[in-house]
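Values in this document were obtained by computation on a predicted structure and should not be read as measured data.
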Amino acid sequence: MLRLASKRLLGLTSREIPSRPVQILPRLYHENVIDHYNNPRNVGSFDKNDPNVGTGLVGAPACGDVMKLQIKIDEESGKIVDACFKTFGCGSAIASSSVATEWVKGKSMDEVLTIKNTEIAKHLSLPPVKLHCSMLAEDAIKAAVKDMELKRAKLKGNSSADAANAPIEKAADA
């Protein structure tokens with residue numbers, strides 16, 4: 001509207017063609033996104049050096065979102081007893097992180113690997129342009145589980161890096 005008025009003022013438009021007003025529609029987030037954005041659950045961080053804590057750090061270069069999700073495992077039961085996150089990003093990324101931390105609590109590491117980004121996106125009613133936020137949450141869960149598995153393997157003395165390099169070393173010795 002302002003652009004049209006300034007063009008008319010400068011005489012850059014013909015007065016013969018009537019212009020139509022432009023209707024600007026607001027972009028509205030679903031109430032679940034707004035709830036998790038305004039009242040995020042489990043914001044914070046654990047000590048990453050704790051042997052019972054797995055940390056997943058993922059990012060999306062296209063939009064600049066960065067998500068850190070941490071899980072705390074009970075040694076005896078093997079279940080996730082707590083989870084937290086810190087996310088630098090849009091409201092959809094923060095909401096996806098918040099939902100992910102709620103959903104992983106009380107589950108085993110194998111169970112949380114079944115959480116898919118499509119489930120998070122559906123729960124939050126994310127539009128297609130924001131699906132990458134739910135993908136980040138799924139990737140963060142997987143990264144936290146992988147970190148936890150690597151920590152456990154190192155504690156047992158069988159790190160996956162050592163196991164992967166063992167055949168190469170044997171071949172080099174032959």
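Taking 4.0 Å as the cut-off between side-chain N and carboxylate O, Asp35 and Arg41 count as a salt-bridged pair.
Taking each heavy atom of Met148 and Gly54 in turn, the nearest pair found is SD-N, 3.7 Å. Scanning all heavy atoms of the two residues, the minimum distance from Ser134 to Ala121 falls at OG-CB, 3.7 Å. Scanning all heavy atoms of the two residues, the minimum distance from Met67 to Ala93 falls at CE-O, 3.6 Å. When all heavy atoms of Gly44 and Lys86 are compared, the pair lying nearest together is O-CG, 3.5 Å. In plain terms, the two heavy atoms of Met135 and Asn117 that are nearest each other are CG-ND2, 3.3 Å. The shortest non-hydrogen separation linking Lys107 to Val112 is CB-CG1, 3.7 Å.
For the atom pair NZ (Lys130) and OG (Ser125), the distance works out to 15.0 Å, reported to the nearest 0.5 Å. Once rounded to the nearest 0.5 Å, the distance linking CD of Glu138 with CD1 of Ile120 reads 7.0 Å.
Counted within 6.0 Å of NZ on Lys122, heavy atoms from surrounding residues, nucleotides or ligands total 12 or fewer; the atom is thus considered open.
A heavy-atom distance below 4.5 Å is not found between the side chains of Lys151 and Pro51. Considering only heavy atoms from C-beta on, Thr87 stays 4.5 Å or farther from Asp65 through its side chain. Asn42 places a side-chain heavy atom less than 4.5 Å from the side chain of Lys105. In this structure, Cys90 and Cys63 have side chains that are not in contact, with every pair of non-hydrogen atoms separated by 4.5 Å or more. The side-chain heavy atoms of Glu111 and Lys79, taken from C-beta on, include a pair separated by under 4.5 Å. You'll find the side chain of Ile141 stays beyond 4.5 Å of the side chain of Trp103, heavy atoms only.
Judged by distance alone, with hydrogens and angles left aside, the side-chain atoms of Asp82 form no donor-acceptor pair with the main-chain N or O of Lys72 at under 3.5 Å. Checking side-chain atoms of Asn32 against main-chain N and O of His123 turns up a donor-acceptor pair under 3.5 Å.
Under a hydrophobic-cluster definition in which Ile, Leu, Val, Met, Phe, Trp and Tyr are linked whenever side-chain heavy atoms come within less than 4.5 Å, directly or via other members, Val53 and Leu69 are assigned to different clusters. Residue Leu113 is grouped with residue Met109 when hydrophobic side chains (ILVMFWY) are merged at heavy-atom distances under 4.5 angstrom, including chains of intermediate members. Linking ILVMFWY side-chain heavy atoms closer than 4.5 Å, directly or via other members, places Leu126 and Ile115 in a single hydrophobic cluster. Linking ILVMFWY side-chain heavy atoms closer than 4.5 Å, directly or via other members, places Val104 and Leu124 in a single hydrophobic cluster. A continuous path of Ile, Leu, Val, Met, Phe, Trp and Tyr side chains, each step under 4.5 Å between heavy atoms, connects Val99 with Val33, placing both in one hydrophobic cluster.
Members clustered with Val43: Tyr37, Phe85, Ile94, by chain and number, using a 4.5 Å side-chain heavy-atom cutoff among hydrophobic residues.
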